Visitor: 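One structure, as structure tokens, below. Some questions next.
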Amino acid sequence: MTYLKSSTGVRNRMMSGDSAFPAHSELNPEQLEQVRVLREKTAELAEEFPDYQTDFALLRWLIAHDYDIDAAVPKLRWALQAFHTQGLHNQDLSTIDKVADAVDAVNPVVQYFPGGVMGYDNDGHLIYVQALAKVDPKSISKAGKVTDLFRCMMTDCQGVHSLICASERKNNRKMGVSLIIDLEGFSLDLMYMPTIKIFMNLITLLQLMYPDMGRRIYVINAPTAVNTVYYMIQPVLAKETRNKIEFLDSSWRERLCAELGAENIFEHWGGTKKAPSPTGRIRMGGKVPEDILIESLRGSENYDEKDLKKLNVSARRHGSVPVTVANPGTRLKWWFRCESGDIDFLIRDASGQEGVT
């Protein structure tokens, strides 16, 4: 355990291991005071997100920003604005099935992007599984808008956050997620750079929006070749995330059952938990069917050529497209196609304030 000095001059515990998940009675007065200040500074945005007004939820943001209130406030406000623009305040994410239903409703394509909640362990921490090697990178990159993939994972993560908060209310203790990354079936065909870039951007975004949620990260069925991929994505992983990753050997089934409880692990992964299907509501990926790909392409071509604007943007440069919004509450929609490379983009209002995309 180490100590940090916050911008207010208060020394706070930077907890690690299981001590990073304290009971409410273990929080010191200085921590509770900083939680109160952070709640006060984001209260109007959090009105529709009661889970983001709890002590443990706010503590996560403080820990992620080294108890620096001035750093945490704008990041939390930005995230809450993003959640609101995506309509996450109107979602019922109170159960595992409701979270899965909400994710499925984003777009039919999300069924082919692996991931999902398995349940809780015996201590009340959430168990999430991602069969990452089952994704077909080329077909999923052509199957729809990248923003739909981002919406899918934001909805999934918001559901995970909601389920964690429910467990915290029940146990009066800070909770987290044990992530199982299953690389069974991994091959170098996954090294499709357009999809890898999307995935890296997604990791970066989700770490900013959902900080300090991870407890442990177990990687199973990892071949030697996976080192190539890991070294590529390692730079975008927060240091705290990298420290939680453990590559398990062939005895991974016994390890997962011992630490998470065999009764909480589906039989597919070596446990005794029953489900209507071998993997429950966990999305297992696969190649996107041709009919979905065709429908996606048809939808993207529904435009009038005269309404489009063409930009030539050189590397490390930027361009802009002005849009006039006549009425408050107008919803903006867009799509773009790149002839080569890829781009990052954002929305700014007339004052230069960054919006949420």
Side-chain angles (χ1 to χ4, degrees), residues 1-6 11-23 26-28 31 34 56-68 71-72 75-76 79 115 117-118 120-133 153 156-157 160-161 164 167-168 173-183 186 196 199-252 254-256 258-260:
M1 182 183 299
T2 58
Y3 286 84
L4 291 168
K5 187 173 182 180
S6 73
R11 296 177 76 230
N12 289 292
R13 295 179 297 170
M14 190 64 176
M15 298 166 285
S16 59
D18 284 337
S19 64
F21 301 93
E26 295 175 312
L27 301 180
N28 63 48
Q31 287 172 311
Q34 286 186 291
F56 289 129
L58 294 169
L59 181 63
R60 275 189 277 276
W61 284 86
L62 289 170
I63 291 173
H65 295 89
D66 296 343
Y67 290 93
D68 185 341
K75 295 294 180 60
L76 177 53
V117 177
M118 184 183 292
Y120 293 97
D121 68 15
N122 292 330
D123 295 321
H125 298 287
L126 209 65
I127 305 171
Y128 190 96
V129 180
Q130 194 164 57
L132 201 56
M153 294 311 299
D156 216 5
C157 288
V160 166
H161 185 274
I164 288 175
S167 183
E168 289 173 340
R173 176 179 293 275
K174 182 172 176 278
M175 293 294 173
V177 182
S178 291
L179 172 61
I180 301 171
I181 299 178
D182 187 353
L183 296 181
F186 178 87
I196 288 178
F199 184 60
M200 292 172 68
N201 287 336
L202 182 60
I203 292 174
T204 301
L205 178 70
L206 295 180
Q207 286 182 129
L208 291 172
M209 289 183 160
Y210 301 97
D212 189 44
M213 286 177 58
R215 180 171 178 256
R216 293 172 183 163
I217 302 175
Y218 304 97
V219 182
I220 63 175
N221 293 315
T224 303
V226 79
N227 290 335
T228 303
V229 178
Y230 182 66
Y231 286 129
M232 289 180 65
I233 67 172
Q234 190 178 27
V236 304
L237 298 176
K239 180 181 178 181
E240 293 75 16
T241 301
R242 295 197 300 269
N243 291 340
K244 295 171 183 175
I245 297 174
E246 185 175 359
F247 289 82
L248 303 188
D249 58 23
S250 59
S251 63
W252 59 264
E254 293 79 6
R255 177 73 179 279
L256 293 180
E259 296 192 3
L260 304 178

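In this text the structure is predicted, and so the values were computed from the model without any measurement.
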Visitor: Please determine whether a side-chain nitrogen of the Lys or Arg among Glu259 and Arg215 lies less than 4.0 Å from a carboxylate oxygen of the Asp or Glu.
Guide: no
Visitor: Between CD1 of Ile203 and OG1 of Thr241, what distance do you get to the nearest 0.5 Å?
Guide: 9.0 Å
Visitor: Are side-chain heavy atoms of Ile245 and Leu237 found at a separation under 4.5 Å?
Guide: yes
Visitor: Taking atom OH of Tyr120 and atom CD1 of Ile127, what is their separation to the nearest 0.5 Å?
Guide: 10.5 Å
Visitor: If you compare all heavy atoms of Leu27 against all heavy atoms of Pro22, which two are closest, and at what distance to 0.1 Å?
Guide: CD2-CG, 3.8 Å
Visitor: Taking all atoms of both residues into account, what is the closest heavy-atom pair of Gln31 and Asn28, and its distance?
Guide: N-OD1, 2.7 Å
Visitor: Has Gln207 got a side-chain atom pairing as donor or acceptor with Val236's backbone, closer than 3.5 angstrom?
Guide: yes
Visitor: Nearest 0.5 angstrom please: Thr204 OG1 to Phe199 CZ, how far?
Guide: 10.0 Å
Visitor: Apply the test side-chain contact (heavy atoms from CB on, under 4.5 Å) to residues Leu260 and Ile180: give CA-CA distance (whole Å), side-chain angles for both, the deciding distance (0.1 Å), then the verdict.
Guide: CA-CA 11 Å; Leu260 304 178; Ile180 301 171; 4.1 Å; yes
Visitor: Return the minimal non-hydrogen interatomic distance between Trp61 and Met209, and the atom names on each side.
Guide: CZ2-O, 3.3 Å
Visitor: Would you check if the side chain of His125 reaches a backbone N or O of Gly176 as a donor-acceptor pair within less than 3.5 Å?
Guide: yes
Visitor: Taking the inter-plane angle between the rings of His161 and Tyr210 on a 0 to 90° scale, is it parallel (under 30°), tilted (30 to 60°) or perpendicular (over 60°)?
Guide: tilted
Visitor: What do the steps show when you test Trp252 against Val219 for side-chain contact (heavy atoms from CB on, under 4.5 Å), and what is the final call?
Guide: CA-CA 9 Å; Trp252 59 264; Val219 182; over 6 Å; no
Visitor: Looking only at atom types and distance, does a side-chain atom of Asp121 sit under 3.5 Å from a main-chain N or O of Asp123, one as donor and one as acceptor?
Guide: yes
Visitor: Working to the nearest 0.5 angstrom, can you tell me the gap between Tyr67 OH and Leu59 CG?
Guide: 5.0 Å
Visitor: Any idea which heavy atoms bring Asp182 and Ile220 closest together, and the distance?
Guide: CA-CG1, 3.6 Å
Visitor: After noting the C-alpha distance and the side-chain angles of Phe56 and Met175, does the key distance pass the side-chain contact (heavy atoms from CB on, under 4.5 Å) rule?
Guide: CA-CA 8 Å; Phe56 289 129; Met175 293 294 173; over 6 Å; no
Visitor: Which atom names give the shortest non-hydrogen contact between Gly124 and Ser167, and what distance separates them?
Guide: O-OG, 2.6 Å
Visitor: From the options His65, Arg60, Lys174, select the one residue that forms a side-chain hydrogen bond (donor to acceptor under 3.5 Å, both in side chains) with Asp212.
Guide: Lys174
Visitor: Output the distance between atom CZ (Arg255) and atom CD (Glu246), rounded to the nearest 0.5 Å.
Guide: 4.0 Å
Visitor: Look at the side chain of Gln34 and the backbone N and O of Leu62, then say whether any donor-acceptor pair between them is shorter than 3.5 Å.
Guide: no
Visitor: Rounded to the nearest 0.5 Å, how far apart are CG of Asn201 and CG of Leu206?
Guide: 11.0 Å
